[in-house]
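For reference, the structure discussed in these notes is given below.
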Amino acid sequence: ANGGATPSGGSATTVTGGTITTLAFVSYTNWTFNGWFTAASGGTQITTSAEHNKTSNFTLYAQWTGSYSLGDTGPGGGLIFYVSSVGFNCGISFNSTGSPTGSKCHFLEGAPKIWAAEIKVNWAHAEYANVSVPDSWDTGGIGSGYRNTLAIINQGNSDPSKSAAAFARSYTVVISGETFNDWYLPSTNEAYQLMVTRETVMPTKPGEWINPNGGYWTSTEYDANEAFRVGGSAFDFVKYYKYWEGTSSQFWVRPIRAF
């Protein structure tokens with residue numbers, strides 16, 4: 001069902017070039033059903049009132065419109081700061097089935113400001129301060145942060161008090177009985193969207209968005225020694241040492257999740 005629940009009604013039989021008399025019912029929490037189509041994205045809509053013109057077996061895909069807008073409270077209790085109608089790759093493997101429902105993601109949700117009282121940490125443990133992260137992508141694309149975050153942690157940066165990635169992954173919240181534990185350290189582009197959306201969201205959500213003058217770590221590595229952090233009124237990206245003795249390379253962390 002392209003992200004929704006298993007359709008009720010199962011398969012249907014039709015004749016070559018004919019019509020389908022009954023189409024299955026399907027639902028998807030927080031999404032509006034747009035109809036059945038011949039492709040997961042795009043394609044031709046199939047209805048019961050028009051001939052489908054197909055000459056062999058074919059699969060129908062449910063297509064949806066999300067019910068979240070910028071600034072809405074997301075399912076994990078944070079704020080929606082990015083919306084994509086076409087969807088984007090995401091998840092552990094950064095692919096088109098990476099969402100919690102096995103499809104592309106359409107939303108990014110930022111953890112609320114009170115998630116950890118704005119504690120500052122280093123990007124990496126001291127022993128990995130000058131070592132490139134294995135399998136970590138240099139890309140800062142939308143949806144890539146989860147994969148980057150896991151790569152950073154798997155290198156050995158697993159202590160939340162010493163690693164921005166581990167700190168972000170440590171966030172877990174239960175909303176209406178559902179556990180949300182898929183938070184991660186945003187990539188550069190994801191962090192940029194946090195900063196940009198702040199301009200439109202902050203007037204209606206005072207004190208809830210990120211500090212415009214502070215520095216926030218991203219999961220995007222610059223090289224073996226440095227990673228990017230974002231901050232300032234110009235939303236600038238600055239490469240900074242992953243670890244430095246003392247507090248000079250400690251910055252804030254704001255976990256996000258994609259769905």
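A distance-only check finds no donor-acceptor pair linking the side chain of K242 to the backbone of E221 [under 3.5 Å]. For the pair R169 (side chain) and W183 (backbone), a donor-acceptor distance under 3.5 Å is present. A distance-only check finds a donor-acceptor pair linking the side chain of E190 to the backbone of G143 [under 3.5 Å].
Nearest heavy-atom pair across Y243 and A129 is CB-CB, 3.6 Å. Taking each heavy atom of Y184 and A258 in turn, the nearest pair found is OH-CB, 3.7 Å. Closest approach of A164 and V121 over heavy atoms only: CA-CG2, 3.7 Å. For the pair I175 and V173, the tightest heavy-atom approach, listed with the atom from each and the gap, is CD1-CG2, 3.8 Å. Across all non-hydrogen atoms, the minimal contact from V253 to W115 is O-NE1, 3.1 Å. When all heavy atoms of P186 and A191 are compared, the pair lying nearest together is CB-N, 3.9 Å.
With rounding to the nearest 0.5 angstrom, the OG1 atom of T59 is 5.0 Å from the OH atom of Y61. T149 OG1 to I92 CD1: the interatomic distance, rounded to the nearest 0.5 Å, is 11.0 Å. Put simply, CG on N148 and CG on L185 are 8.5 Å apart, with the number rounded to the nearest 0.5 Å. Atoms OG and CG, from S132 and D223 in turn, are 7.0 Å apart once rounded to the nearest 0.5 Å. One distance of note links CG of L108 with CD1 of I142; it measures 5.5 Å at 0.5 Å rounding. The OH atom of Y146 sits 5.5 Å away from atom CG of D182, with the distance rounded to the nearest 0.5 Å.
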task = Assess whether side-chain contact (heavy atoms from CB on, under 4.5 Å) is satisfied between F88 and K104, documenting all intermediate values.
result = CA-CA 5 Å; F88 54 90; K104 285 189 174 184; 5.9 Å; no
task = Kindly determine whether Q63 and Q45 satisfy side-chain contact (heavy atoms from CB on, under 4.5 Å), including the steps that lead there.
result = CA-CA 9 Å; Q63 291 190 13; Q45 185 173 10; over 6 Å; no
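Aromatic ring orientation, Y128 versus H125: tilted (interplanar angle from 30° to 60°).
Inspection of the N122 and S249 side chains reveals an N or O donor paired with an N or O acceptor under 3.5 Å. Using a 3.5 Å distance cut-off with no hydrogens or angles, the side chains of S187 and N189 do not pair a donor with an acceptor.
For the pair L79/D72, no side-chain contact is recorded, criterion being any heavy-atom separation below 4.5 Å from C-beta on.
Taking the ring axis of Y216 as reference, the NZ or CZ atom of R254 does not stay both within 45° of it and closer than 6.0 Å to the ring centre. The cationic group of K120 does not satisfy the cation-pi geometry with F251, failing either the under 6.0 Å distance to the six-membered ring centre or the 45° limit from the ring axis.
Aromatic ring centroids of Y68 and F81 lie 6.0 Å or more apart. Ring centroid separation for the pair F228 and W123 does not come in under the 6.0 Å cut-off.
Applying the disulfide bond (SG atoms under 2.5 Å apart) rule to pairs touching residues 33-101 yields C90-C105, sequence neighbours excluded. Among residue pairs with one or both ends in residues 150-166, those qualifying as side-chain hydrogen bond (donor to acceptor under 3.5 Å, both in side chains) are Q155-N157, D159-S161; sequence neighbours excluded.
Taking a 6.0 Å sphere around CZ of F37, one finds it holds more than 12 heavy atoms contributed by other residues, nucleotides or ligands.
In this structure, the side-chain contact (heavy atoms from CB on, under 4.5 Å) partners of T44, at least two apart in sequence or on a different chain, are T38.
Both Y171 and I119 are assigned to one and the same hydrophobic cluster, defined by single-linkage of ILVMFWY side chains at heavy-atom distances under 4.5 Å.
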